[in-house]
Amino acid sequence: MNGVAAALLVWILTSPSSSDHGSENGWPKHTACNSGGLEVVYQSCDPLQDFGLSIDQCSKQIQSNLNIRFGIILRQDIRKLFLDITLMAKGSSILNYSYPLCEEDQPKFSFCGRRKGEQIYYAGPVNNPGLDVPQGEYQLLLELYNENRATVACANATVTSS
């Protein structure tokens, strides 16, 4: 009888109708950073998976070597990995950027080549041009996808600079 009760509990906790990730609200919102006049809040836009992200040195004056921490369990192999960034303000597109993170002949990170089911945990610098974030609220769409255009991670973020 204990086995039946345990199976029922697992089914109830993981069924989409009883958990948050199956509802219209999607995954919970997470704060990646909140200090120095800058707040970054994100939510996974992948209906099947959430992930963890934090940003060190959170400030309106973004340094050229920004340290981040990112963790996820892969649902797809990543022989090649690409990042697309879309930045919007007041409904207008400001920036569209695409960048290869992993290429078969030039892996830039230690997690390049990882397989489905493996965990990625990256803690380190992300090179960027360094900039001052003007006051306002911005929407950011971040998409990681592999060589087959399969989603590896996806996030909608709100960046608020005061």
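Values reported hereafter were calculated over all heavy atoms of this structure, with side chains retained and with hydrogens, waters and symmetry mates removed.
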Give the C-alpha distance, both sets of side-chain angles, the deciding distance and a yes or no for side chain to side chain contact (heavy atoms under 4.5 Å, CB included) between Y138 and T158.
CA-CA 6 Å; Y138 306 91; T158 300; over 6 Å; no

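In the hydrophobic clustering (ILVMFWY side chains linked at under 4.5 Å, chained through shared members), M88 stands by itself.
L144 contributes atom CG, which lies 8.0 Å from atom CD1 of I120 (distance to the nearest 0.5 angstrom). Distance check, rounded to the nearest 0.5 Å: OG of S35 to CD1 of I55 gives 10.0 Å. Atoms OG and CD, from S161 and E39 in turn, are 11.0 Å apart once rounded to the nearest 0.5 Å.
A pairwise comparison of heavy atoms in L66 and D56 identifies CD1-O, 3.7 Å as the closest pair. Between P125 and N65, the closest heavy-atom pair is CB-OD1, 4.3 Å. Considering every non-hydrogen atom in both Y122 and G124, the closest pair reads OH-C, 3.5 Å. For the pair E143 and C154, the tightest heavy-atom approach, listed with the atom from each and the gap, is CG-SG, 4.1 Å.
Applying the side chain to side chain donor-acceptor pair (under 3.5 Å) rule to S59 yields the partners Q61; only residues at least two apart in sequence or on another chain are considered. The salt bridge (charged side-chain N to carboxylate O under 4.0 Å, His left out) check on D50 picks up nothing, with sequence neighbours excluded. For S110, there are no side-chain contact (heavy atoms from CB on, under 4.5 Å) partners at least two apart in sequence or on another chain.
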Identify each donor-acceptor pair in which a side-chain atom of residues 74-87 lies under 3.5 Å from a protein atom, sequence neighbours left out, and give them as a table.
| residue | atom | partner | partner atom | Å |
| --- | --- | --- | --- | --- |
| R75 | NE | Q49 | OE1 | 3.1 |
| R75 | NH2 | D46 | OD1 | 3.1 |
| R75 | NH2 | D46 | OD2 | 2.4 |
| D77 | OD1 | K116 | N | 2.7 |
| D77 | OD2 | R115 | NH1 | 3.3 |
| D84 | OD1 | S98 | OG | 2.6 |
| D84 | OD1 | Y145 | OH | 3.2 |
| D84 | OD2 | Y145 | OH | 3.4 |
| T86 | OG1 | N96 | OD1 | 3.2 |

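At a threshold of 4.5 Å between non-hydrogen side-chain atoms, the residues Q57 and N67 count as touching. Side chains of V133 and L38 form a contact here, defined as non-hydrogen atoms less than 4.5 Å apart. T151 has its side chain out of reach of C45: every pair of non-hydrogen atoms, C-beta onward, lies at least 4.5 Å apart.
At a threshold of 4.5 Å between side-chain heavy atoms, the hydrophobic network of Ile, Leu, Val, Met, Phe, Trp and Tyr places L53 and Y121 in two separate groups. Taken together through direct or relayed side-chain contacts under 4.5 Å among Ile, Leu, Val, Met, Phe, Trp and Tyr, W27 and I73 form parts of separate hydrophobic clusters.
Enclosure of atom CD in E137 by more than 12 non-hydrogen atoms of other residues, nucleotides or ligands within 6.0 angstrom is indicated. Heavy atoms from other residues, nucleotides or ligands lying under 6.0 Å from NZ of K60 number more than 12.
Among residue pairs with one or both ends in residues 48-76, those qualifying as ring pair (Phe, Tyr, Trp, His ring centres under 6.0 Å) are Y42-F51, F51-F70; sequence neighbours excluded.
Checked by atom type and distance alone, the side chain of N146 pairs as donor or acceptor with a backbone atom of N148 at under 3.5 Å.
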